Q: 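Provided herewith is a single structure, encoded as structure tokens, for subsequent inquiry.
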2 protein chains.
Amino acid sequence: MMSDIAALAGVSESTVSRALAGSSLISEKTRQRVVKIAQRHGYAVNPAARSLRRGLSHTIAVMIPLRHAHNQHFSDAFFADMLANLADAVNARGYDLLLHRVSEGEANWVEQPIQSRRADGAIVIGQSLEHKALDQAAVRGVPFVVWGARLPEQHYVSIGTDNFLGGKLATEHLIQRGRKRIAFLGDRRAPEVGERHRGYLKALADSDIRADRKLQLEIPFGADEALRSLSDLVRSGVSLDGVVAASDTIAMSAIRALTESGLKVPADVGVVGFDDVAMASYTLPPLTTIRQEIAPGAVLLVDKLLAILAGEPAQSQQMKPKLVVRAST
Amino acid sequence: MMSDIAALAGVSESTVSRALAGSSLISEKTRQRVVKIAQRHGYAVNPAARSLRRGLSHTIAVMIPLRHAHNQHFSDAFFADMLANLADAVNARGYDLLLHRVSEGEANWVEQPIQSRRADGAIVIGQSLEHKALDQAAVRGVPFVVWGARLPEQHYVSIGTDNFLGGKLATEHLIQRGRKRIAFLGDRRAPEVGERHRGYLKALADSDIRADRKLQLEIPFGADEALRSLSDLVRSGVSLDGVVAASDTIAMSAIRALTESGLKVPADVGVVGFDDVAMASYTLPPLTTIRQEIAPGAVLLVDKLLAILAGEPAQSQQMKPKLVVRAST
DNA sequence: CCCGCCTTTGCAATCGATTGCGCAGCACCT
DNA sequence: AGGTGCTGCGCAATCGATTGCAAAGGCGGG
């Protein structure tokens, strides 16, 4: 308790509080003495008491909206990587990280942890199909930032990769390798994937390649569906020599589907993934993919959110994707 | 604020508090009225105030000790899966989940979030090399549970797979497939892996197969090292027809190393993984592996911890592993 | 030597909910 | 009618820290 430390230091509780908080009202000499005593006795301020008095929880909620593919989505290596990096970034700023699952169909899930005062602000990983809900929450002034696509006229701050460019790079790479029948695998309803898809179409158009509807598969993030859909496609006899996948997970699954259908990767079909998760370089064949800068992204997310919490203005930001060429193309 | 609700309901704050907490001191009629009013006004008790008064945070810390392979480890799909399931289980019990990174070399990291009153108890995923630190903390009475191996005379509660049996099953499976030169890949210093290794040795001994030191590779969890070590091994000309890997991640990496060295999986070498992460069934070839029951494990972890927090006795528990045969053997 | 100013510290109210204890009201019994 | 036992609710202290305001102490100037 603070009063114990105060007694030991021979000062009042106010002084201890201010010394520990680094207030300029306390002389350097006193502060050092107090701090030393607190350390020696293993004292740490009670966060509940502090939160109550200050009205701030000093905690950031991290949420992953998954209306459709529940755990599938979460266990995608990309989310795990992002979460690990967020944990580091949040802790590095002295904040705590509250991990919150978003239950299906829960109304105003974005603000729930905030208005219940459990967290000061939130970081949402991925827009999923929740853009509208997010936008409305932003209009209501809920402090949060999103990892995902930047959409026209959105009211919230988002950090993410330039997905359009990423999709374009992936597709152009295949085209340069001489591919003309290039499939796109991903759930375009998710804004990030939608952008990647637009990039894909643009690259095709730039090279005067006709975009074939049959080659554009609507696949929720899960690898299951990718596997089945692609197998079906190949079996249907449609010609195909390239695949742009919306995630590395889908890409790996696609490689398996192709191989089991008797097609060789990369000889017959080139496959490009998206994310460059750790696993991407260990698969067989190692995956050509579009790298997203997760670590800097995590830091940006945290810093933007803290800026918003401090009342400063914050802008959305897009990071440049990078093509990483490996053996799958 | 509670006083607002009290005023609206025409009762005292005490009554509101008790009604919302479901105290038996309040008549059913009054409780319902109060609850309804609270709901209509979107009122939720201030967690900071409650924590302060009750001395409990109603929060569980989840920690992943990673002295050696920092993020590598975390991004292993197994941890992500476990974390996702823990988030569900913890939230289902009405608790909050605080995700805490364990900084390198930090002293008494287990109790830190607890004695700072940020969490009531902790769940540690994986013993890593921290068994001693964990055991000491348990002796000091820190409330926590661990996912990992059960060691002789340990003082903490652990939930986990029967790793010895798992290692034995994996190895026996390869032996049944006619393999005799079976390698083991994993960091045996981690208790879970050590147990798996003992199971491996037991299976070999039971079949009168000599265990060859050269085939037992000390590999930290990362896939990098697995790839290199195994490539080196193959290049050195040692004969080899089976691999037992300490994780699916290592197994995948091993498959790539073998394939690139000109060996075919499963024709020349059979590979068995451990965990059965989602990705394991999508790789090429799909991975034969030892399945760990993550979801029930997560629920057990949470319930045991809550039991400990409630002052009830709790026992360690081992779950039966299951061999899942796919195409890699 | 006295006064006023600045620096440093302490007093006490406050954040929002919980809970031990006491009391009012009512039913029931003798 | 008075006594007894419950049930249901309110009073007020309390959890541990923060902070506006006041005051004490030190210092220099007149």
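The shown structure was predicted, so the numbers you read here are calculated from the model rather than taken from an experiment. Numbered from 1 within each chain, the chains take letters A, B, ... in sequence-line order.
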Q: Going by distance alone, is a donor N or O of one side chain under 3.5 Å from an acceptor N or O of the other, for B:Ser17 and B:Ser14?
A: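 The answer is no; no qualifying pair exists.
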
Q: Please determine, for the side chain of B:Met2, which listed nucleotide (C:dA17, D:dC15, D:dT18) has the closest atom?
A: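 The nucleotide sitting nearest to the side chain is C:dA17.
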
Q: Nearest whole angstrom, please: distance from the P of D:dC15 to the CE of A:Met1.
A: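 Result: 8 Å.
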
Q: Output the rounded distance in Å from CZ (B:Arg117) to P (D:dG16).
A: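 It is 8 Å, rounded to the nearest whole Å.
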
Q: What are the residues of residues 37-51 of chain B, sorted by number, that bring a heavy atom to within less than 4.0 Å of DNA chain D?
A: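 Hits under 4.0 Å, by residue number: none.
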
Q: Classify every nucleotide of nucleotides 8-13 of chain C by which part a protein heavy atom approaches to under 4.0 Å, writing B for the base, S for the sugar-phosphate alone and - for neither, in 5'-to-3' order.
A: BBBBBB

Q: B:Gln292 and B:Asp275: side-chain donor and acceptor closer than 3.5 Å?
A: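 Present: a donor and an acceptor within the cut-off.
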
Q: Can you confirm whether A:Glu312 is buried at CD, in the sense that more than 12 heavy atoms of other residues, nucleotides or ligands lie under 6.0 Å from that atom?
A: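 Yes, enclosed.
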
Q: Does one side chain, of B:Lys304 or B:Gln317, offer a donor that lies under 3.5 Å from an acceptor on the other?
A: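 Note: B:Lys304 and B:Gln317 side chains meet the donor-acceptor criterion.
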
Q: Among B:Ile308, B:Leu134, B:Ile123, which one satisfies side-chain contact (heavy atoms from CB on, under 4.5 Å) with B:Phe144?
A: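 Exactly one candidate clears the test, B:Leu134.
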
Q: Going by heavy atoms in the side chains, are B:Gln127 and B:Pro65 under 4.5 Å from each other?
A: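 Sidechains of B:Pro65 and B:Gln127: no contact.
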
Q: Taking CD1 from A:Ile5 and C1' from D:dA17, how many angstroms apart are they, rounded to a whole number?
A: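 These atoms are roughly 13 Å apart.
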
Q: Rounded to whole Å, how long is the line connecting atom CG of A:Leu56 with atom P of C:dG16?
A: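 Whole-Å distance recorded here is 12 Å.
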
Q: Applying side-chain hydrogen bond (donor to acceptor under 3.5 Å, both in side chains), which residue pairs with at least one partner in residues 43-65 of chain B are found, sequence neighbours left out?
A: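 Pairs touching residues 43-65 of chain B that pass the test: B:Ser57-B:Asp120.
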
Q: Cut-off 3.5 Å, side chains only: do A:Ser3 and A:Glu13 have a donor facing an acceptor?
A: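 No, no side-chain donor-acceptor contact under 3.5 Å.
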
Q: Send over the distance from A:Arg54 CZ to D:dG20 C1', rounded to a whole Å.
A: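 My rounded result for the distance is 15 Å.
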
